[in-house]
Colleague: 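Could you have a look at this structure, given as structure tokens, before my questions?
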Amino acid sequence: MRYTRLGRTALKISRLCVGTVNFGGRVDEEDGHRILNRALDLGLNFVDTANMYGWRVHKGYTEETIGRWFAKDPARRDRTVLATKVGNEMSGAPNDSGLSARHIVASCEASLRRLQTDRIDLFQLHHVDRTAPWDEIWQALDLLVSQGKVLYVGSSNFAGWHVAMAQEAAGRRHFLGLVSEQCAYNLVTRLPELELIPAARAYGMAVLPWSPLHGGLLGGVLAKLHEGTAVKSAQGRAVPALEEHRDRIAAYEELCGELGEHPAQVGLAWVLSRPGVTAPVIGPRSVEQLDGAVAALDLTLPHEVLTRLDELFPGPRAEAPEAWITT
């Protein structure tokens with residue numbers, strides 16, 4: 001397994017992060033534990049979740065599932081770099097969402113209970129809360145870090161200027177600040193290249209792309225639809241995206257066929273090759289999907305293939321008006 005550092009920190013993480021958004025509803029607990037066991041066996045030490053994951057059963061269910069996995073063998077916790085998130089609404093109560101100091105602290109305590117652990121390695125702000133001053137956010141997180149309940153802080157779904165505001169406020173408090181940003185990034189969704197990824201790199205932050213296959217759109221969706229085996233790619237955001245990009249996807253799958261590689265592995269290998277990318281967050285629904293993702297670590301795409309992929313899915317600098325582009 002290949003490892004890298006989490007941004008500017010000394011913490012070592014695997015080049016793939018095991019995302020658990022499908023645990024609960026799409027993946028039952030037994031299969032989820034089987035995936036986590038296989039991940040550890042393969043050397044994948046980075047696991048990502050969120051306090052509201054598992055909402056198809058109930059919010060918090062995924063953290064509970066991971067907590068029961070840790071409880072079966074406490075040694076698993078020390079082998080795992082554990083990431084979770086705070087910020088999404090957990091109930092209809094007025095203070096059970098957002099990034100107020102009260103909610104950050106209360107959510108951390110609740111996540112620790114569900115995860116059956118005494119610490120969260122990476123505590124991520126799931127979304128920006130424009131009503132919460134950064135001094136309030138950092139005060140709460142400083143408290144949790146000083147208590148040893150949180151080791152590092154990251155962000156998710158931030159814009160480049162949100163990252164800059166957060167880091168400058170943290171710097172004024174002499175606080176480490178954000179060490180990672182988790183964003184939607186793949187061949188179809190390349191907007192982060194314009195400002196977010198450059199901002200993250202400037203501040204020494206890890207970039208953790210979620211949905212590296214765009215909800216299954218880049219995982220051989222046309223072939224799966226023809227075979228009747230499409231699951232995730234036949235629902236959610238992949239459905240309208242397929243109608244918009246059908247010709248591109250068809251050409252993409254044809255290119256993958258010429259390479260003799262599975263589209264899912266090509267799409268993931270492309271994300272892994274991008275400047276600034278630290279560890280894509282994969283969401284396997286089976287051990288077989290996990291093994292396929294790991295195989296992408298050994299796939300190096302030739303320059304001519306990367307050029308062809310750029311032609312099929314141009315980045316924002318290729319599509320943006322000239323006035324937007326600066327050097």
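Along the sequence shown, residues are numbered consecutively beginning with 1. Because the structure is predicted, anything quoted here is derived from the model rather than measured.
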Colleague: Can you find a pair of side-chain heavy atoms, one from Leu218 and one from Val266, that are under 4.5 Å apart?
Modeller: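 No - every pair of side-chain heavy atoms lies 4.5 Å or more apart.
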Colleague: Mind checking the CG-CG spacing from Leu122 to Leu11? Nearest 0.5 Å is all I need.
Modeller: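 It comes to 8.5 Å.
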Colleague: Does a side-chain heavy-atom distance below 4.5 Å link Gln124 with Phe158?
Modeller: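 A side-chain contact under 4.5 Å is absent here.
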Colleague: Can you tell me how far apart CZ (Arg173) and CD (Glu168) are? Round to the nearest 0.5 Å.
Modeller: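 It comes to 14.5 Å.
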Colleague: How far apart are the closest heavy atoms of Gly216 and Val221, and which atoms are they?
Modeller: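 For Gly216 and Val221, the tightest heavy-atom pair comes out as O-CB, 3.8 Å.
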Colleague: Quick check: does any side chain N or O of Asn45 sit under 3.5 Å from a backbone N or O of Lys12, one acting as donor and the other as acceptor?
Modeller: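 Indeed, once roles are kept as given, a pair shorter than 3.5 Å links the two residues.
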Colleague: Quick check against the 3.5 Å criterion: does Arg8 have a side-chain atom that pairs as donor or acceptor with the backbone of Tyr203?
Modeller: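 Answer holds: yes.
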Colleague: So, applying side-chain hydrogen bond (donor to acceptor under 3.5 Å, both in side chains) with Trp210, which one of Asp48, Asn157, Asn186 is it?
Modeller: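 Output: one option passes, namely Asn157.
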Colleague: What pair of heavy atoms forms the shortest contact from Ala279 to Ser14, and how long is it?
Modeller: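 Looking at all heavy atoms of both residues, the shortest contact is CB-O, 3.5 Å.
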Colleague: Begin from the C-alpha positions of Thr65 and Trp69 and carry the test side-chain contact (heavy atoms from CB on, under 4.5 Å) through to its verdict.
Modeller: CA-CA 6 Å; Thr65 296; Trp69 179 65; 6.0 Å; no
Colleague: Donor-acceptor pair, Arg248 side chain versus Phe313 backbone, under 3.5 Å?
Modeller: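 No.
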Colleague: Between Asp298 and Arg2, is there a side-chain N and carboxylate O pair less than 4.0 Å apart?
Modeller: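 Yes, charged N to carboxylate O under 4.0 Å.
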Colleague: Run the numbers on Cys183 and Val207 for side-chain contact (heavy atoms from CB on, under 4.5 Å), then give the verdict.
Modeller: CA-CA 7 Å; Cys183 59; Val207 175; 4.1 Å; yes
Colleague: Check whether Ser211 reaches the backbone of Ala184 with its side chain - one donor and one acceptor, N or O, closer than 3.5 Å.
Modeller: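 Flag not set: sc Ser211 to bb Ala184 has no pair under 3.5 Å.
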Colleague: Does a sphere of radius 6.0 Å around CZ in Arg56 hold more than 12 heavy atoms from other residues, nucleotides or ligands, not counting ones at 6.0 Å or beyond?
Modeller: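 Yes - once you tally the heavy atoms of other residues, nucleotides and ligands closer than 6.0 Å, there are more than 12.
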Colleague: If I take atom CG from residue Asp118 and atom CZ from residue Arg113, how far apart are they, to the nearest 0.5 angstrom?
Modeller: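 Nearest 0.5 Å value for the CG-CZ distance: 14.0 Å.
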Colleague: Decide yes or no on side-chain contact (heavy atoms from CB on, under 4.5 Å) for Leu301 and Leu309, but give the supporting numbers first.
Modeller: CA-CA 10 Å; Leu301 300 177; Leu309 290 173; 4.1 Å; yes
Colleague: Do the side chains of Leu40 and Leu36 get nearer than 4.5 Å, heavy atoms only?
Modeller: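 No, every pair of side-chain atoms sits at 4.5 Å or beyond.
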Colleague: If you look at every heavy atom in Gly219 and Pro263, which pair is closest and at what distance?
Modeller: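 Nearest pair, atom of Gly219 first, then Pro263: C-CB, 4.0 Å.
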Colleague: Quick one: do Met205 and Ile120 end up in the same hydrophobic cluster if we chain Ile, Leu, Val, Met, Phe, Trp and Tyr together by side-chain heavy atoms under 4.5 Å apart?
Modeller: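 They do share one cluster, since a chain of ILVMFWY contacts under 4.5 Å joins Met205 to Ile120.
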Colleague: If I take atom CG from residue Leu6 and atom CG from residue Leu151, how far apart are they, to the nearest 0.5 angstrom?
Modeller: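 Between Leu6 CG and Leu151 CG, I get 11.0 Å after rounding to 0.5 Å.
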Colleague: Got a second to check how far Glu193's CD is from Tyr185's OH, nearest 0.5 Å?
Modeller: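 Separation between the atoms: 3.5 Å.
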Colleague: What are the two closest non-hydrogen atoms of Leu99 and Ile137, and how far apart are they?
Modeller: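 Heavy atoms of Leu99 and Ile137 come nearest at O-CG1, 3.6 Å.
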Colleague: Has the side chain of Trp138 got a donor or acceptor atom that lies under 3.5 Å from a matching backbone atom of Ala166?
Modeller: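 Between the backbone of Ala166 and the side chain of Trp138 there is a qualifying donor-acceptor contact (under 3.5 Å).
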Colleague: With a 4.0 Å cut-off on N to O distance, would you call Asp41 and Arg38 a salt bridge?
Modeller: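 Arg38 and Asp41: not salt-bridged.
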Colleague: Can you tell me if Gln147 has over 12 outside heavy atoms packed within less than 6.0 Å of its CD?
Modeller: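 Atom CD in Gln147 is packed in, count exceeds 12.
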Colleague: Side chains of His162 and Leu196, heavy atoms from C-beta outward: is any pair under 4.5 Å?
Modeller: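 No, their side chains stay 4.5 Å or more apart.
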Colleague: Please check: side-chain N/O of Tyr252 versus main-chain N/O of Gly267, any donor-acceptor pairing under 3.5 Å?
Modeller: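 At least one qualifying donor-acceptor pair exists.
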Colleague: Does Ala132 offer a backbone N or O that forms a donor-acceptor pair with the side chain of Glu136 under 3.5 Å?
Modeller: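 No, because the side chain of Glu136 does not come within donor-acceptor range (under 3.5 Å) of the backbone of Ala132.
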Colleague: Is the number of heavy atoms from other residues, nucleotides or ligands under 6.0 Å of Glu195 CD greater than 12?
Modeller: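 Incorrect, the count does not exceed 12.
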Colleague: Would Cys17 and Gln182 satisfy side-chain contact (heavy atoms from CB on, under 4.5 Å), going step by step from the backbone distance to the final call?
Modeller: CA-CA 11 Å; Cys17 176; Gln182 191 174 144; over 6 Å; no
Colleague: For a 4.5 angstrom cut-off between non-hydrogen side-chain atoms, does Phe123 reach Ile104?
Modeller: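 Contact flag for Phe123/Ile104 side chains = yes.
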Colleague: A side-chain contact here means heavy atoms from C-beta on lying under 4.5 Å apart; do His245 and His214 qualify?
Modeller: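 Of all side-chain heavy-atom pairs linking His214 with His245, none is under 4.5 Å.
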Colleague: Any salt bridge between Arg77 and Asp121, counting N to O under 4.0 Å?
Modeller: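 Result for this pair is yes, salt bridge flagged.
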Colleague: Applying the 4.5 Å side-chain criterion to the ILVMFWY set and letting contacts propagate, would Leu213 and Val287 be lumped into a single cluster?
Modeller: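 No, it is not one cluster - the side chains of Leu213 and Val287 are not joined through contacts under 4.5 Å.
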Colleague: Looking only at heavy atoms, which two atoms of Pro284 and Val18 are closest? And how far apart?
Modeller: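 So the two residues come closest at CG-CG1, 4.4 Å.
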Colleague: Under a single-linkage definition using a 4.5 Å side-chain heavy-atom cutoff for Ile, Leu, Val, Met, Phe, Trp and Tyr, are Leu112 and Met90 assigned to the same hydrophobic cluster?
Modeller: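 Different hydrophobic clusters.
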Colleague: Between Cys108 and Val150, what is the shortest heavy-atom contact and its length?
Modeller: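 For Cys108 versus Val150, the nearest heavy atoms are SG-CG2, 3.9 Å.
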Colleague: I'd like to know if the side chain of Ser273 reaches the main chain of Trp270, judged simply by a donor and an acceptor atom lying under 3.5 Å from each other, with no hydrogens or angles considered.
Modeller: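 Side chain of Ser273 to backbone of Trp270, a donor-acceptor pair under 3.5 Å: yes, one is there.
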Colleague: With a cut-off of 6.0 Å (strictly less than), are more than 12 heavy atoms of other residues, nucleotides or ligands near CD of Glu30?
Modeller: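 Not buried by this count: 12 neighbours or fewer within 6.0 Å.
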Colleague: Given Arg308, which partner from the list Val305, Leu306, Leu312 fulfils the side-chain contact (heavy atoms from CB on, under 4.5 Å) test?
Modeller: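 One option only clears the test, and that one is Leu312.
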Colleague: Any heavy-atom pair between the side chains of Pro280 and Leu272 that's under 4.5 Å?
Modeller: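 Yes, close enough: below the 4.5 Å cut-off.
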Colleague: Look at the side-chain heavy atoms of Ile, Leu, Val, Met, Phe, Trp and Tyr, link any pair under 4.5 Å apart, and say whether Val271 and Val188 land in one connected group.
Modeller: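 As far as the 4.5 Å side-chain criterion goes, Val188 and Val271 are connected within one cluster.
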Colleague: To the nearest 0.5 Å, tell me how far Asn88 CG sits from Lys59 NZ.
Modeller: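 Result: 7.0 Å between the selected atoms.
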Colleague: Of Lys149, Glu63, Lys85, which meets side-chain hydrogen bond (donor to acceptor under 3.5 Å, both in side chains) against Ser111?
Modeller: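 With Ser111 as partner, Lys149, Glu63, Lys85 yield a single side-chain hydrogen bond (donor to acceptor under 3.5 Å, both in side chains), made by Glu63.
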Colleague: Looking at Ala93, is its backbone amide N or carbonyl O close enough to the side chain of Ser91 to form a donor-acceptor pair, meaning the two atoms are under 3.5 Å apart?
Modeller: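 Flag set: sc Ser91 to bb Ala93 pair under 3.5 Å.
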Colleague: Hey, what's the ring geometry for His126 with Tyr53, parallel, tilted or perpendicular (30° and 60° as the breaks)?
Modeller: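 Judged by the thresholds at 30° and 60°, the geometry between His126 and Tyr53 is perpendicular.
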Colleague: Without swapping roles, check the side chain of Ser97 against the backbone of Glu89 for a donor-acceptor pair under 3.5 Å.
Modeller: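 Looks like no, no N/O pair under 3.5 Å.
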Colleague: Given side chain to side chain donor-acceptor pair (under 3.5 Å), test Thr4 with Thr278 step by step and report yes or no.
Modeller: CA-CA 7 Å; Thr4 187; Thr278 306; over 6 Å; no
Colleague: Contact between Glu64 and His58 at the side-chain level, heavy atoms closer than 4.5 Å - yes or no?
Modeller: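 Touching, per the 4.5 Å side-chain cut-off.
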